[in-house]
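What follows is a short report on a single structure.
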Amino acid sequence: MGTSSGSNIHHQSSSKMLPPRQQPRSGGLQTSLSLVTSDPMLSPDGQEPRSNSDNVRGSPTESASSRETWPTADVLMAKKMENGKVEIDCPEQSVIRRVSSADKISLREVARERVDAISEKMHQLPDEFLEELKNGLRAILEGNGGSQHREEFVILQRLVQSRTDLTAKTLIRAHRVQLEILVAINTGIQAFLHPNISLSQTSLIEVFVYKRCRNIACQNQLPAEDCTCEICTNRNGFCNLCMCVICNKFDFEVNTCRWIGCDLCSHWTHTDCAIRDGQICMGPSVKSGAAPTEMLFRCRACNRTSELLGWVKDVFQHCAPAWDREALMRELDFVSRIFRGSEDHRGRKLFWKCEELIEKMKGGVGESTACRAILMFFQELEVDSPKSLENGESGRLIAPQEACNRIAEVVQEAIRKMEMVADEKMRMFKKARMALDACDKELEDKAREVTELKLDRQKKKLQIEELERIVRLKQAEADMFQLKANEAKREADRLQRIALAKSDKSEEEYASSYLKLRLSEAEAEKQYLFEKIKLQESSRASQSGAGVTLHR
């Protein structure tokens with residue numbers, strides 16, 4: 001039976017999966033984030049949901065049985081290297097400008113309006129405004145605003161999930177920030193908005209249309225491992241490598257009794273969900289199949305059972321020495337709840353032992369002492385098992401032939417399991433080889449894209465230099481024309497002053513000539529009058545002389 005989940009995606013299909021210490025871990029985890037799954041119960045209008053989550057949550061911050069978290073930068077970098085993705089960081093000069101109220105975009109517009117229209121608007125907006133828009137959605141997903149944020153998230157998710165135009169073909173034209181917001185609203189996972197987590201445009205689109213796992217540390221194509229079971233084929237967005245069969249949620253806890261893996265189909269289930277859903281119950285012994293009953297786990301995916309006592313023993317033997325005090329108490333509590341309803345002798349003894357150790361640790365007993373006690377208890381159970389088997393068969397002695405037959409059955413079962421493990425290893429090797437070939441091809445494609453980008457960048461640089469040369473030439477011409485214009489203006493001003501001076505001089509000459517003419521005319525008139533008077537006087541004188549003569 002499996003002992004870990006989350007980022008632990010290398011499952012075994014044999015009847016006994018690898019012990020927890022031998023299973024890979026994804027590294028340290030950061031502080032967990034509360035995330036949201038798409039849920040039909042959250043849609044007031046009863047629209048058909050995009051996600052088939054079976055669990056109902058009242059707010060974006062609630063999680064019934066799974067603390068969904070996202071990994072640190074180391075895990076993400078390893079995932080990027082595994083997928084062969086190459087990121088090119090080109091420095092861009094940011095231009096800070098004010099955004100008018102008419103140009104601003106709200107989250108509801110992103111969730112409601114056409115993809116191409118919002119994308120065109122976002123390309124015209126500064127990066128600072130787009131980052132504020134993402135921060136606003138992160139605050140809503142965190143749910144710190146209480147019922148107001150919950151209601152706003154329900155409205156946004158209903159708007160997104162009721163649209164039929166959001167397909168892989170239309171989302172290709174979406175702006176990067178627009179696509180991140182749509183995916184975060186649809187999945188309820190705010191990690192898609194985090195600046196340190198950068199997925200490709202294709203990966204975001206596949207997550208939105210449920211073709212890729214929404215677990216950022218998993219990111220496997222769906223259905224995972226081409227599983228054809230009813231759950232993987234009919235449940236949108238479900239990944240059997242990292243999600244619970246019952247609640248559809250994922251986390252990154254490994255080497256723990258918190259997750260139970262099916263020995264046969266390798267699907268995973270939260271222990272809490274299995275207890276709540278009645279998947280953990282008493283049943284006929286898996287090994288003997290006879291009357292003796294034991295505590296069993298029934299997988300919902302394949303409806304087959306696995307025994308729990310041996311699984312718990314394997315988990316504690318391989319992982320308990322590395323647990324701290326809090327982890328050991330938590331694991332003891334998980335085991336106590338699993339075997340609370342046990343009716344067989346060994347299950348009841350394990351339940352009582354866990355309860356006893358929990359009380360002792362609360363009273364101050366160290367975790368190392370409690371760890372040794374529970375490991376010693378498991379050894380005692382192994383010693384008691386042959387006695388219990390002998391008592392269970394009423395003290396009947398086993399015949400030599402029957403013993404040989406049983407030994408032969410055990411050997412055949414071991415051989416069968418080894419063949420199954422070998423087949424699974426070969427299948428995993430072929431899958432890894434195919435993934436490696438795909439990564440090599442993707443690396444070649446990325447390298448070719450980088451070369452093309454460099455050539456395009458060089459071409460753009462030459463074009464910019466040519467434009468700058470033309471601008472400098474036009475600037476020189478403009479300066480020359482400005483200089484000539486200034487000289488022409490100065491010449492016009494000089495000619496205007498000369499014209500004004502000549503005009504004043506001509507007016508003075510005209511006035512002088514006019515006065516001279518008038519003066520000459522006056523002199524002529526004076527001379528004329530003077531001659532006239534002289535003539536009159538001479539005429540009078542002659543007349544008076546003639547009269548005197550006549551009188552004489």
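Expressed to the nearest 0.5 Å, how far CG of Leu171 lies from CG of Asp165 amounts to 8.5 Å. To the nearest 0.5 Å, the span separating CG on Leu462 from NZ on Lys460 amounts to 11.5 Å. Note that CG of Leu137 and CZ of Phe192 are 12.0 Å apart. Values are rounded to the nearest 0.5 Å. Glu468 CD to Glu466 CD: the interatomic distance, rounded to the nearest 0.5 Å, is 10.5 Å. Taking OG of Ser203 as the start and CD1 of Ile216 as the end, the distance is 11.0 Å to the nearest 0.5 Å. Rounding to the nearest 0.5 angstrom, the gap separating the CZ atom in Arg300 from the SG atom in Cys265 is 12.5 Å.
Asn215 and Gln219 are not linked by any side-chain donor-acceptor pair at a separation below 3.5 angstrom, with hydrogens and angles left out of the test. Neither side chain, Arg212 nor Asn220, offers a donor N or O lying under 3.5 Å from an acceptor on the other.
Distance alone, capped at 3.5 Å, places no donor-acceptor pair between the Glu206 side chain and the Lys211 backbone. Counting only distance, with no hydrogens or angles, the side chain of Asn234 and the backbone of Glu230 share a donor-acceptor pair below 3.5 Å. Within the 3.5 Å criterion, the main-chain N or O of Lys121 finds no donor-acceptor partner in the side chain of Gln124. Panel note: side chain Gln201, backbone Ala174; a donor-acceptor pair is recorded below 3.5 Å. Without hydrogens or angle criteria, His123 side chain to Ser119 main chain gives a donor-acceptor distance under 3.5 Å. At least one donor-acceptor pair closer than 3.5 Å links the side chain of Thr271 to the backbone N or O of Cys257. Distance alone, capped at 3.5 Å, places no donor-acceptor pair between the Asp456 side chain and the Glu452 backbone. With hydrogens and angles disregarded, no donor-acceptor distance shorter than 3.5 Å links the side chain of Arg448 to the backbone of Leu443.
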Could you please spell out the steps behind the side chain to side chain contact (heavy atoms under 4.5 Å, CB included) verdict for Phe208 and Val160? CA-CA 11 Å; Phe208 188 88; Val160 171; 3.8 Å; yes

Passes side chain to side chain contact (heavy atoms under 4.5 Å, CB included), Leu199 versus Val183? Steps please. CA-CA 11 Å; Leu199 301 179; Val183 173; over 6 Å; no

Would you please test Arg469 and Glu465 for salt bridge (Lys or Arg N to Asp or Glu O under 4.0 Å) and show each step? CA-CA 6 Å; Arg469 189 182 63 80; Glu465 291 176 354; over 6 Å; no

Side chain to side chain contact (heavy atoms under 4.5 Å, CB included) assessment of Trp259 paired with Thr269: CA-CA 6 Å; Trp259 286 90; Thr269 307; 5.9 Å; no

Decide yes or no on salt bridge (Lys or Arg N to Asp or Glu O under 4.0 Å) for Glu152 and Arg108, but give the supporting numbers first. CA-CA 9 Å; Glu152 182 65 20; Arg108 291 197 182 186; 2.9 Å; yes

Before you tell me yes or no, could you show the steps for Lys431 and Met428 under side chain to side chain contact (heavy atoms under 4.5 Å, CB included), namely the whole-Å CA-CA distance, both residues' side-chain angles and the distance that decides it to 0.1 Å? CA-CA 5 Å; Lys431 183 178 179 182; Met428 292 178 64; 5.5 Å; no

Mind listing the side-chain donor-acceptor pairs of residues 491-509 below 3.5 Å, one per line with the distance, residues two or more places apart or on another chain?
from: Glu491; atom 1: OE1; to: Arg494; atom 2: NE; distance (Å): 3.4
from: Glu491; atom 1: OE1; to: Arg494; atom 2: NH2; distance (Å): 3.4
from: Glu491; atom 1: OE2; to: Arg494; atom 2: NH2; distance (Å): 2.3
from: Ser506; atom 1: OG; to: Lys502; atom 2: O; distance (Å): 3.1
from: Ser506; atom 1: OG; to: Ser503; atom 2: O; distance (Å): 2.7

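Side-chain contact check for Asp272 versus Phe334: some heavy-atom pair is nearer than 4.5 Å. No side-chain heavy atom of His270 sits under 4.5 Å from any side-chain heavy atom of Ile246. For the pair Lys459 and Leu455, the minimum side-chain heavy-atom distance is 4.5 Å or more. Counting only heavy atoms from C-beta outward, the side chains of Ile118 and His175 never approach each other to under 4.5 Å. A heavy-atom distance below 4.5 Å is not found between the side chains of Asn240 and Ser266. Using a 4.5 Å heavy-atom threshold, the side chains of Cys227 and His267 count as touching. Taking 4.5 Å as the limit, every side-chain heavy atom of Arg163 sits out of range of all side-chain heavy atoms of Arg112. Counting only heavy atoms from C-beta outward, the side chains of Cys213 and Phe250 never approach each other to under 4.5 Å.
Applying the side-chain hydrogen bond (donor to acceptor under 3.5 Å, both in side chains) rule to Glu326 yields no partners; only residues at least two apart in sequence or on another chain are considered. For Gln527, the side-chain hydrogen bond (donor to acceptor under 3.5 Å, both in side chains) criterion is met by Glu531, not counting sequence neighbours.
Here the closest heavy-atom approach between residue Thr164 and residue Thr167 is recorded as O-CG2, 3.8 Å. The two residues Ile181 and Leu133 make their nearest non-hydrogen contact at CD1-CD2, 3.7 Å. Heavy-atom minimum distance, Ala168 versus Val209: N-CG1, 4.1 Å. Considering all non-hydrogen atoms of both residues, Pro223 and Cys232 come closest at CB-O, 4.1 Å. The two residues Val245 and Ala301 make their nearest non-hydrogen contact at CG1-N, 4.2 Å. Here the closest heavy-atom approach between residue Val110 and residue Ile105 is recorded as CG2-CG2, 3.7 Å.
By the neighbour-count criterion of 12 heavy atoms within 6.0 Å, atom CD of Gln221 is densely surrounded, having more than that number from other residues, nucleotides or ligands. Annotation for Glu521: atom CD counts as buried by contact number, over 12 foreign heavy atoms lying within 6.0 Å. The 12-atom threshold is exceeded at CE of Met480, counting heavy atoms of other residues, nucleotides or ligands nearer than 6.0 Å.
The pair Arg258-Glu331 fails the salt-bridge criterion, with no side-chain N (NZ, NE, NH1 or NH2) lying under 4.0 Å from an Asp/Glu carboxylate O. Ion pairing between Arg176 and Glu180 holds under the 4.0 Å rule for side-chain N and carboxylate O.
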